[in-house]
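Structure, as structure tokens:
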Amino acid sequence: MDVFEALKTRRAVKKFDPSHKMSTDEIKTLLEHVILSPTSYNQQNWRFIFTTEQEIKNKISIAAKDQPQPKDGSLVIVLCADLDAWNKDPTRYWMHHPPERRELVKKSLEVKYSNNPQNIRDEAIRSCSIAAQSIMLAAKHMNLDSCPMIGFDYEKLAEIIKLPENHIIALMVVIGKRIGEPMSRGGQLPLDEVAFENSF
Ligand SMILES: Cc1cc2nc3c(=O)[nH]c(=O)nc-3n(C[C@H](O)[C@H](O)[C@H](O)COP(=O)(O)O)c2cc1C
């Protein structure tokens, strides 16, 4: 699908067809494209927990304050981040490049993130948010719909997905076949209220 068309037709869908299934190959194709999304220094700090298991999806719906999207959607992806990624053998993030460049990246990561939890957390949210949009556009391309979600009990969801130490959940995206037409758009603010040329 054309990217402009995907941007225009992507909506936060509330009602998914519970009988629709995604194949393992479709999920793999989706995720293989999603991990091409950008991250600062290519640190790939995101971790994607995905499930099609009805029992787990049901639990996630309960954690999501009984919102139906996780249980009825075909695929639930919880976008998490490893807060230690910047320091986990970081030269591998540039594995196809010469050693000098790899060392330079390692140094830069140290300067930016060591003793700076705010920078680490900001980077986690940035990486996952960009990946989330990739997921939603890729879903449109695959003739599927999506719903980004943060309306969940963080501790309950963390327990369901067995969130490890030093990881955070950024958001979740549900993918599936929508039933019916979504509500009309809430309405976008005028462009000149949100976009400014050169400076505020
Ligand atoms: C970070 C984030 C969290 C959201 N959480 C929820 C949610 O928990 N449940 C829900 O139904 N929609 C959720 N939404 C969807 C928004 O309400 C929706 O994107 C917005 O109203 C604009 O509608 P549209 O995406 O259809 O254009 C979320 C969207 C974002 C970006």
Side-chain angles (χ1 to χ4, degrees), residues 1-18 20 22 30-31 33-35 37-40 45-54 56-83 118 120-161 163 167-195:
M1 180 187 276
D2 172 77
V3 179
F4 279 176
E5 191 59 25
L7 287 165
K8 278 195 280 190
T9 56
R10 182 220 54 80
R11 299 296 314 283
V13 163
K14 317 288 177 186
K15 287 187 185 153
F16 290 104
D17 174 358
H20 179 266
M22 278 178 82
L30 174 77
L31 291 174
H33 286 85
V34 167
I35 62 167
S37 304
T39 52
S40 178
N45 46 347
W46 48 43
R47 301 291 179 264
F48 303 99
I49 309 306
F50 63 96
T51 185
T52 57
E53 293 287 327
Q54 194 58 54
I56 300 174
K57 292 192 299 160
N58 289 347
K59 283 186 191 163
I60 294 178
S61 260
I62 294 168
K65 301 164 187 174
D66 288 324
Q67 294 187 81
Q69 295 95 319
K71 74 176 170 58
D72 293 343
S74 320
L75 172 69
V76 177
I77 305 177
V78 184
L79 291 94
C80 306
D82 181 348
L83 300 178
Q118 177 74 47
I120 294 173
R121 196 181 162 86
D122 288 351
E123 217 54 76
I125 304 297
R126 272 193 281 268
S127 297
C128 290
S129 302
I130 290 172
Q133 179 75 337
S134 296
I135 290 170
M136 295 186 281
L137 294 180
K140 283 307 305 182
H141 180 70
M142 297 169 81
N143 206 19
L144 294 167
D145 281 283
S146 60
C147 189
M149 298 180 74
I150 48 160
F152 52 77
D153 181 311
Y154 188 96
E155 297 304 328
K156 277 192 191 146
L157 185 57
E159 197 180 317
I160 295 166
I161 63 166
L163 186 74
H167 287 61
I168 58 166
I169 301 171
L171 76 164
M172 137 172 111
V173 179
V174 177
I175 314 286
K177 265 276 180 238
R178 78 176 191 213
I179 299 177
E181 289 300 310
M183 291 189 288
S184 58
R185 281 188 185 275
Q188 310 314 117
L189 296 174
L191 193 54
D192 63 7
E193 190 178 333
V194 295

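For ligands, and for the atoms within them, numbers begin at 1 and follow the listed sequence. Throughout, numbering of the chain's residues begins at 1 and tracks the sequence.
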*Which atoms of ligand 1 have any heavy atom of Arg11 under 4.0 Å away?*
24 (P), 26 (O), 27 (O)
*Under 3.5 Å: donor-acceptor pair, side chain of Gln67, backbone of Ser61*: no
*asked:* Protein non-hydrogen atoms only, distance under 4.0 Å: does atom 10 (C) of ligand 1 have such a neighbour?
replied: yes
*Answer yes or no: is there a side-chain heavy-atom contact under 4.5 Å between Leu30 and Leu144?*
no
*Which atoms of ligand 1 are found less than 4.0 Å from any heavy atom of Arg10?*
24 (P), 25 (O), 27 (O)
*What is the distance from atom CH2 of Trp46 to atom OG1 of Thr39, rounded to the nearest 0.5 Å?*
5.0 Å
_Closest protein heavy atom (residue, atom, distance) for atom 16 (C) of ligand 1_ = Ala12 CB, 4.2 Å
*Any protein heavy atom under 4.0 Å from atom 5 (N) of ligand 1?*
yes
*Show which atoms of ligand 1 fall inside a sub-4.0 Å distance from at least one heavy-atom site of Gln69.*
10 (C), 11 (O)
*Which residue owns the protein heavy atom closest to atom 12 (N) of ligand 1, what's the atom, and how far is it?*
Lys14 NZ, 3.2 Å
*May I ask you to decide whether Arg178 forms a salt bridge with Asp17, counting only side-chain N to carboxylate O separations under 4.0 Å?*
no
*Quick one: list whatever passes side chain to side chain donor-acceptor pair (under 3.5 Å) with Ser74, sequence neighbours left out.*
His20
_Considering non-hydrogen atoms of the protein only, which is the closest contact for atom 3 (C) of ligand 1, and what is the distance?_
Ile150 CG1, 3.2 Å
*Side-chain ion pair, Glu123 and Arg126, N-O less than 4.0 Å*: yes
*Can you sort out which atoms of ligand 1 are near Arg185, meaning under 4.0 Å from one of its heavy atoms?*
27 (O)
_Proximity winner for atom 29 (C) of ligand 1, if only heavy atoms of Cys147, Pro148, Gly187 are counted_ = Pro148
*What do you reckon, does Gly151 have a nitrogen or oxygen under 3.5 Å from a nitrogen or oxygen of ligand 1?*
yes
*Donor-acceptor pair, Lys65 side chain versus Gly151 backbone, under 3.5 Å?*
no
*Donor-acceptor contact below 3.5 Å, side chain Lys57 vs main chain Gln69*: no
